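Before we start, here is the structure in question, set down as structure tokens.
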Amino acid sequence: DHAPEAVRALWRETLICFVLTVGAAVLAYVLIRSDPTWYYSIIPEALAGGRDPTASAEYLRSTIYDKQKDWLLTFATFLFTHNSQVAIFSFALGFAFAVPTVMLILYNGLMIGAMMAVFAGKGLGPNFAAWLMIHGTTEFFAIFISGAAGMRIGMAVAFPGRLSRMEAAVRAGRVAATAMIGTIIMLGAAGLLEGVGRQTILDDGLRALIGLAMLGFWLAYFYVWPGWRDDRGR
């Protein structure tokens, strides 16, 4: 299994994706809390599902606690599909000097911050965070790795050094494609957490705990396990 080694090799790019996402999320949060009309420039209506600055606290609460409603399952499927597409395109568009990849990562961060601003505005910030965490720590980590893979290819094309652009892209592509195997596994796990766990587990503390446990697992799998295995092999 070479996926952990490949992901570990992309740690700088992964960290950049994380920082870009957090920065964009904070920016969107601040903008929307100061002027709610910014929300409509960031979140498409299909994804909002009525969760916008005009929504009541009762309605917003129902979207994160109502159990097994058809529309809620539809929304969960839409959200998972959207995030999967972001992950795939972040990788696939990396060859264009990583510019589309960076834009996708930034936009995803803006969406997170925008949604948080809406829920926080009605006193539901921690509740929304827990609702998002149960699957989000896995799903967004997968997006970071996919973005990192795309960036690695984009930077190799833009700055090939002594290699030809094609040779540099192929070399970077081997690492990036191997890392993407890990994201496929992660997106599958996120789909289960989102489609089943998040709809049946309604306790905020348990949602957050599962999210943190999954984050710890992925960090250990990608960054601790390869080094531990190498040490054992010496």
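These numbers were taken from a predicted model, which means no experiment stands behind them.
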Inset, instruction - Can you measure from CD1 (I145) to CZ (R8) and round to the nearest 0.5 angstrom? - result: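 That separation rounds to 13.5 Å.
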
Inset, instruction - Look up atom CD1 in I143 and atom OG1 in T138, then write down how far apart they are to the nearest 0.5 Å. - result: 11.5 Å

Legend entry - Residue from F144, Y223, W218 passing side-chain contact (heavy atoms from CB on, under 4.5 Å) with V7: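 With V7 as partner, side-chain contact (heavy atoms from CB on, under 4.5 Å) holds for just one option, Y223.
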
Legend entry - ILVMFWY cluster, F217 and L212 together (side-chain gap under 4.5 Å):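 In one cluster with F217: L212, no.
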
Inset, instruction - Check for a donor-acceptor pair, side chain of K122 on one end and backbone N or O of A55 on the other, with a separation under 3.5 Å. - result: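 Side chain of K122 to backbone of A55: a pair is present.
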
Inset, instruction - With rounding to the nearest 0.5 Å, note down the distance linking CH2 in W131 to CD1 in I201. - result: 14.5 Å

Inset, instruction - Look only at the side chain of T137 and the backbone of G211, and say whether a donor-acceptor pair between them is shorter than 3.5 Å. - result: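 Confirmed, T137 side chain pairs with G211 backbone.
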
Legend entry - Single hit among D204, L202, I210 for side-chain contact (heavy atoms from CB on, under 4.5 Å) with L206: I210

Legend entry - Gap separating the CZ atom of R207 from the CG atom of L193, nearest 0.5 angstrom: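 The CZ atom of R207 sits 12.0 Å away from the CG atom of L193.
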
Inset, instruction - Verify side chain to side chain contact (heavy atoms under 4.5 Å, CB included) between Y40 and E45, making sure each step is shown before the conclusion. - result: CA-CA 8 Å; Y40 304 100; E45 185 177 352; over 6 Å; no

Legend entry - Backbone of I42 reached by a side-chain donor or acceptor of Y107 within 3.5 Å: yes

Inset, instruction - State the CD1-CE distance between I88 and M180, to the nearest 0.5 angstrom. - result: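 Result: 6.5 Å between the selected atoms.
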
Legend entry - For R152, all residues meeting salt bridge (Lys or Arg N to Asp or Glu O under 4.0 Å), sequence neighbours excluded: E13

Legend entry - Reported CE-to-CG distance for the pair M111 and L106, which is rounded to 0.5 angstrom: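 The CG atom of L106 is 13.5 Å from CE of M111, to the nearest 0.5 Å.
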
Inset, instruction - Just say parallel, tilted or perpendicular for the rings of H135 and F140, cut-offs at 30° and 60°. - result: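 Rings of H135 and F140: tilted, as their planes differ by 30° to 60°.
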
